[in-house]
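One structure is given below, encoded as structure tokens.
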Protein chains: 2
Amino acid sequence: MQASLEQYIRDRIGADDAQLGEVLSHFVPLKTRRNQLLVREGDVCRYCYFIIKGCVQVFVYDRNGDESTRDIVVENNWVSELYSFGNQAPARENIRVVEPGQLMAIGFDSFQKMVQTVPPFEQIYRQIVEQSYVNSVFRLNTFVAMDALERMQWIKEYQPKLLARLSSKLVASYLGISPETYSRLKARL
Amino acid sequence: MQASLEQYIRDRIGADDAQLGEVLSHFVPLKTRRNQLLVREGDVCRYCYFIIKGCVQVFVYDRNGDESTRDIVVENNWVSELYSFGNQAPARENIRVVEPGQLMAIGFDSFQKMVQTVPPFEQIYRQIVEQSYVNSVFRLNTFVAMDALERMQWIKEYQPKLLARLSSKLVASYLGISPETYSRLKARL
DNA sequence: TGAAAACCTTGACAATTGTCAATGTTCGGC
DNA sequence: GCCGAACATTGACAATTGTCAAGGTTTTCA
């Protein structure tokens, strides 16, 4: 059930079972249903989630009220609206479940306490942020430097699994193009 | 000279002069000239820079060999190719001086040592990465959800100082549009 | 300071991408 | 398993953005 979170932390914390137990005790399991909203723009994001199973979408609404997907996160990764979570300020993004699955949630106070009192957990947190940052830089460069067709080639090369498991509509949103353009360009790959 | 770096660290480290001196001793001042390349794609990025004065551009080359600007960084901020620096792996981006100025550079080994032995420095580092991540998420959303005109309105509202000090060509590159389109849309603000 | 280079703007046109509408298909919940 | 809703595709057209070329202006640096 929560084995993958345990494994994830163990791989990074070493084998200190006391600390591991302490950390794990702050997480609560959460079964998610399709389309469930985890974070709503404007609300304060109170949890940081580890995805055991399933897939979530991080998005904002554009001028027309259409969804623009900033990120897609799958199992064995963390997801939260970090700005909101870290500052307990209103969220600027929405997070929604794409595929039903299983999460582990840790609240803000617990998270703070773990970061401050369990040094390996602080390191894990730093790694999460580092990894997230490197990913977003990578993704940013696809937008700054590529057109729609190149971004499609990019996702095909670097995120083939994502491409396979998401609806075309979601992939189009992830690439920042309309579903129609996506459908047309797909024929030219 | 290096007063602003000292102030920056002091604000975050508290007033422990011994630690402060230790940290500062690992930085070397660097006077930069216009167009100087700090990091070249493919090379390993060996330093992390604090900008005392001036302005640098982080960019990649697109299919046509044109520059696409992933970020612009000004004084009182840090800049490095974090992926390359952290892993001592080949850089994926270039960093170049836009305005001549003054930097403080810290090498990889020194940086590692400081992070591991001076806890407040580790916290500073974490804050840098957090801040960088939040910024890049913010910027990512402008690309996913906005068209060229909206991005121009965005920079005018959120980065007016940047807009004022950069050439039109650089701003256009920062927004991911051609200089010609930029010139035309400017008339419609 | 003066020459060369880079920059900014504008026009004409081409290419890319978006919008709206219609149709057939797939998928999810009961 | 069925029904309704959401999704995927295609066509026609409009809007946005890019490209190439030319001109005037500004900036750089020797």
Side-chain angles (χ1 to χ4, degrees), chain A residues 31-37 54-55 57 59 61-69 72 96-101 142-156 162-189, chain B residues 31-37 54-55 57 59 61-69 72 96-101 142-156 162-189:
Chain A
K31 215 176 187 65
T32 56
R33 55 178 199 287
R34 189 180 154 72
N35 289 331
Q36 178 176 351
L37 211 56
C55 174
Q57 171 197 20
F59 66 100
Y61 292 100
D62 70 11
R63 59 193 169 292
N64 302 321
D66 292 335
E67 296 170 10
S68 300
T69 301
I72 301 279
R96 185 172 51 200
V97 174
V98 173
E99 294 173 8
T142 69
F143 281 100
V144 176
M146 300 180 187
D147 63 19
L149 185 58
E150 289 173 304
R151 290 205 291 281
M152 293 188 59
Q153 291 163 340
W154 177 84
I155 198 177
K156 196 177 170 187
L162 215 51
L163 189 56
R165 79 192 273 187
L166 301 179
S167 69
S168 297
K169 190 191 174 191
L170 240 189
V171 175
S173 168
Y174 184 69
L175 296 179
I177 58 182
S178 70
E180 293 93 341
T181 296
Y182 179 78
S183 188
R184 291 185 174 107
L185 292 180
K186 198 159 56 168
R188 293 180 28 203
L189 283 180
Chain B
K31 214 176 188 65
T32 56
R33 55 178 200 286
R34 188 180 155 73
N35 290 332
Q36 178 175 351
L37 210 56
C55 173
Q57 171 197 20
F59 66 99
Y61 293 100
D62 70 12
R63 59 192 169 292
N64 301 320
D66 293 335
E67 297 172 8
S68 300
T69 302
I72 301 280
R96 184 172 51 199
V97 174
V98 173
E99 294 172 8
T142 71
F143 281 100
V144 176
M146 300 182 188
D147 63 18
L149 186 57
E150 290 173 303
R151 290 205 291 279
M152 293 189 59
Q153 292 162 341
W154 177 85
I155 197 176
K156 197 177 170 187
L162 215 53
L163 189 57
R165 79 193 274 187
L166 302 179
S167 70
S168 296
K169 190 190 173 191
L170 240 190
V171 175
S173 168
Y174 183 68
L175 296 179
I177 58 183
S178 70
E180 293 93 340
T181 296
Y182 179 79
S183 189
R184 291 184 174 106
L185 292 180
K186 198 158 57 168
R188 293 182 23 207
L189 284 182

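Computation of the quantities below employed the complete heavy-atom set of this structure, encompassing side-chain atoms and omitting hydrogens, waters and symmetry-equivalent molecules. Values in this document were obtained by computation on a predicted structure and should not be read as measured data. So you know, we letter chains A, B, ... as the sequences are listed, proteins then strands, and number each from 1.
B:S178 comes within 4.0 angstrom of a base, heavy atoms only. Using a 4.0 Å heavy-atom criterion, one finds that B:N64 contacts the sugar-phosphate atoms exclusively. Nucleic acid contact for A:S167: sugar-phosphate only, since backbone atoms but no base atoms lie under 4.0 Å from a heavy atom of the residue.
Atoms CG (B:L166) and P (D:dT26) sit 19 Å apart, rounded to a whole Å. Atom-to-atom, CG of B:D66 to P of D:dT17 comes out at 18 Å; the value is rounded to the nearest Å. A straight line from CD1 of B:I177 to P of C:dT16 spans 19 Å, rounded to a whole angstrom. Atom CD of B:E67 is separated from atom C1' of C:dC7 by 14 Å (rounded to the nearest Å). Between the CD atom of B:E150 and the P atom of D:dT16 there is a distance of 11 Å, given to the nearest Å. Per the geometry, CG belonging to B:D147 stands 14 Å off C1' belonging to C:dT19, to the nearest Å. Between the CZ atom of B:R188 and the P atom of D:dA15 there is a distance of 12 Å, given to the nearest Å. One can place CD of A:E99 at 17 Å from C1' of C:dG29, the figure rounded to the nearest angstrom.
For A:T181 and C:dT17, the shortest distance from a side-chain N or O to OP1 or OP2 is not below 4.0 Å. Applying the 4.0 Å criterion to OP1 and OP2 of D:dA8, one finds that A:S168 has a side-chain N or O inside that range. Dashed line: the shortest gap from a side-chain N or O of A:K186 to OP1 or OP2 of D:dA8 is not under 4.0 Å.
Side-chain contact check for A:R96 versus A:N35: some heavy-atom pair is nearer than 4.5 Å. Between A:D62 and B:E150, every side-chain heavy-atom pair lies at or beyond the 4.5 Å cut-off. With a 4.5 Å cut-off on side-chain heavy atoms, A:D147 and B:R63 count as touching. With contacts defined as side-chain heavy-atom distances shorter than 4.5 Å, the pair A:L175/A:T69 does not qualify.
For C:dC8, the base has no donor-acceptor partner in the side chain of B:E180 [N/O atoms by modelled type, under 3.5 angstrom]. Side-chain atoms of A:R33 and base atoms of C:dG29 include no donor and acceptor less than 3.5 Å apart.
Summarising the geometry of A:G54 relative to A:R165, their closest heavy-atom pair is O-NH2, 3.4 Å, with the distance given to 0.1 Å.
For the pair B:L149 and B:N35, both in contact range of DNA chain D, the more 5′-proximal nearest nucleotide belongs to B:L149. Both B:A187 and B:K169 lie near DNA chain C, and the one whose nearest nucleotide falls closer to the 5' end is B:K169.
When distances are taken from the side chain of B:R34 to each of C:dT17, D:dC29, C:dT10, the shortest belongs to D:dC29. Taking the side chain of B:R184 as heavy atoms from C-beta on, and the options D:dG18, C:dT17, C:dT9, the nearest nucleotide is D:dG18.
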